[in-house]
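Order of the sequence lines fixes the chain letters, A, B, ..., with proteins taken first and strands second; residue numbering starts at 1 for each chain.
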Number of protein chains: 4
Amino acid sequence: MVQAGGVAGDQLRSFIERIERLEEERKGIAEDIKEVYAGAKAVGFDTKIMRKVIAIRKMDQAERQEIESLLDVYLHAIEGGERPEPVSE
Amino acid sequence: MVQAGGVAGDQLRSFIERIERLEEERKGIAEDIKEVYAGAKAVGFDTKIMRKVIAIRKMDQAERQEIESLLDVYLHAIEGGERPEPVSE
Amino acid sequence: MVQAGGVAGDQLRSFIERIERLEEERKGIAEDIKEVYAGAKAVGFDTKIMRKVIAIRKMDQAERQEIESLLDVYLHAIEGGERPEPVSE
Amino acid sequence: MVQAGGVAGDQLRSFIERIERLEEERKGIAEDIKEVYAGAKAVGFDTKIMRKVIAIRKMDQAERQEIESLLDVYLHAIEGGERPEPVSE
DNA sequence: TATCACTGGAAAACTC
DNA sequence: GAGTTTTCCAGTGATA
């Protein structure tokens, strides 16, 4: 055997290096974000409020997606004949 | 010493039993919820859709709370003099 | 047109509200449990171990129920006049 | 009155949108990482161990950087003509 | 039964 | 350095 690991070892190394590269990137982006916050703070904005605003916008977006997925489910149910219409009677 | 644990043991036992009782309750409620879904399904409703609706309503509520907390932070910031008004200039 | 929210709508609304109420309760209990853990931690207990203990007791209980139900089956078989085979193996 | 959304508003909006874009990117990378782990798992590697390996390599790297920076300081001191004390302790 | 999403706890990161 | 918030993963429970 040539070296500890052999082919499996090469494969493992490849996976790990890919992850490490991605984590580097992610770290870089995290720093960018931090810098933007710092810049905003430097010109007088309250970063705590900014974070809240961003959180709310994120929730909005998530909700919109949920509603769309609801629509999908609903249309699918109609096709399937689950319950004829929401309002019969 | 009378028995393994003594006073500390009694205390621990008490904590654990309280938790177990609460978990029983929680389990009971989970069963109730399941029953309600079953009842709804029995009269023809699509539980998948129901779950979506409930999830969306939950998100609405969470968002409303986030907005209120944003307001709190905002008012606090004004008092603190962070940034005079959102729109100066 | 009856309007969205006819009888079926009322029924659906009722189901959903019941579920939401139950989920509220469940959430409340989850908070209670957390508080008990916090209290235990405050007086020096290791909550991680406590969780293990509770998990084990739960398994024990499940086992006991298993045995009891086995016993029930066995006794019913006897009452029914069938001659149960002696449990071999 | 300039209207909510004057210059300060534009500036704020710009900050927030930049952050949101960066968070999108970060999210994408996080997903990539997850996929790599999934791929590794699929061919039989233990991701838990992989995480450990990566953590250790990160520590190693931090250590190496520590050493290099120490070396830098030392070399600069030499160039500057100061006579560094031999590293004692 | 097996996949699928979700909840809850543990760990990590960031802020102050 | 402490405290709070995000992030991550494992366990649980629902659905098909």
Side-chain angles (χ1 to χ4, degrees), chain A residues 19 22-23 26-38 40-41 45-52 54-55 58-59 62 65-66 69-70 73 76-77 80 82, chain B residues 19 22-23 26-38 40-41 45-52 54-56 58-59 62 66 69 73 76-77 80 82, chain C residues 19 22-24 26-38 40-41 46-52 54-56 58-59 62, chain D residues 19 22-23 26-38 41 46-52 54-55 58-59 62:
Chain A
I19 289 167
L22 288 167
E23 288 196 343
R26 184 169 57 167
K27 193 177 165 186
I29 290 173
E31 277 159 17
D32 291 347
I33 291 173
K34 211 181 289 185
E35 277 171 30
V36 178
Y37 274 117
K41 188 171 193 167
F45 291 110
D46 182 330
T47 58
K48 201 166 177 181
I49 291 176
M50 286 176 66
R51 285 176 198 279
K52 286 280 176 206
I54 288 168
K58 204 180 293 174
M59 290 175 81
Q65 285 176 356
E66 266 300 290
S69 106
L70 169 63
V73 174
H76 206 258
E82 268 291 316
Chain B
I19 290 168
L22 287 166
E23 289 195 343
R26 185 168 56 168
K27 193 177 167 187
I29 290 174
E31 277 159 18
D32 290 347
I33 291 173
K34 208 180 290 183
E35 277 171 30
V36 178
Y37 275 116
K41 186 170 195 168
F45 290 111
D46 182 330
T47 59
K48 203 165 177 181
I49 291 177
M50 285 177 65
R51 284 176 197 279
K52 285 278 177 208
I54 288 169
I56 289 168
K58 204 181 291 176
M59 290 175 82
E66 266 300 290
S69 110
V73 174
H76 207 259
E82 267 291 315
Chain C
I19 290 167
L22 288 167
E23 289 194 343
E24 278 294 306
R26 185 170 56 169
K27 192 177 167 188
I29 290 174
E31 277 160 18
D32 290 347
I33 292 174
K34 210 176 284 186
E35 278 172 29
V36 178
Y37 275 116
K41 185 172 196 168
D46 182 331
T47 59
K48 205 166 178 177
I49 294 177
M50 284 176 65
R51 285 175 199 279
K52 280 284 174 209
I54 288 168
I56 290 168
K58 205 180 290 176
M59 287 172 63
Chain D
I19 290 168
L22 288 167
E23 289 194 343
R26 185 169 56 167
K27 192 178 167 187
I29 291 173
E31 277 160 19
D32 290 347
I33 292 174
K34 208 176 284 188
E35 277 172 29
V36 178
Y37 275 116
K41 185 172 195 168
D46 182 331
T47 59
K48 205 166 177 178
I49 293 176
M50 286 176 65
R51 286 175 198 279
K52 282 282 175 210
I54 288 168
K58 203 179 292 175
M59 286 173 64

Asker: Where is the tightest heavy-atom contact between B:L22 and C:I29, given as atom of each residue plus distance?
Answerer: O-CG2, 3.4 Å
Asker: Would you say the side chain of B:M59 lies within less than 4.5 Å of the side chain of A:M59, judging by non-hydrogen atoms?
Answerer: no
Asker: Want to settle it: does B:K41 or D:K41 sit nearer the 5' end of DNA chain F, counting the closest nucleotide to each?
Answerer: D:K41
Asker: Using whole Å, what does the distance between atom C1' of nucleotide F:dG11 and atom CD1 of C:I54 come to?
Answerer: 16 Å
Asker: Under the side-chain contact (heavy atoms from CB on, under 4.5 Å) rule, collect the residues that match up with A:K48, sequence neighbours excluded.
Answerer: A:D46, B:V73
Asker: For C:M50, give me all partners under side-chain contact (heavy atoms from CB on, under 4.5 Å), at least two apart in sequence or on another chain.
Answerer: B:L12, B:F15, B:I16, B:I19, C:Y37, C:A40, C:F45
Asker: Restricting to nitrogen or oxygen on both sides, can you table the protein-nucleotides 3-10 of chain E pairs closer than 3.5 Å?
Answerer:
residue : atom : partner : partner atom : Å
E:dG9   : OP1  : C:R51   : NH1          : 3.3

Asker: If I take atom CD1 from residue C:I33 and atom CD from residue C:E31, how far apart are they, to the nearest 0.5 angstrom?
Answerer: 10.5 Å
Asker: Quick one: stems involving DNA chain E, counted as three or more successive Watson-Crick or G-U pairs, both distances short of 3.5 Å.
Answerer: E:1-16 with F:1-16
Asker: Expressed in angstrom and rounded to an integer, what is the separation of A:M59 atom CE from F:dT6 atom P?
Answerer: 12 Å
Asker: I'd like to check the side chain to side chain donor-acceptor pair (under 3.5 Å) partners of C:T47; sequence neighbours left out, ordered by chain and number.
Answerer: none
Asker: Rounded to whole Å, please give me the gap between CD in B:E35 and P in F:dA14.
Answerer: 12 Å
Asker: Mind checking what makes side chain to side chain donor-acceptor pair (under 3.5 Å) contact with B:K58, not counting sequence neighbours?
Answerer: C:E23
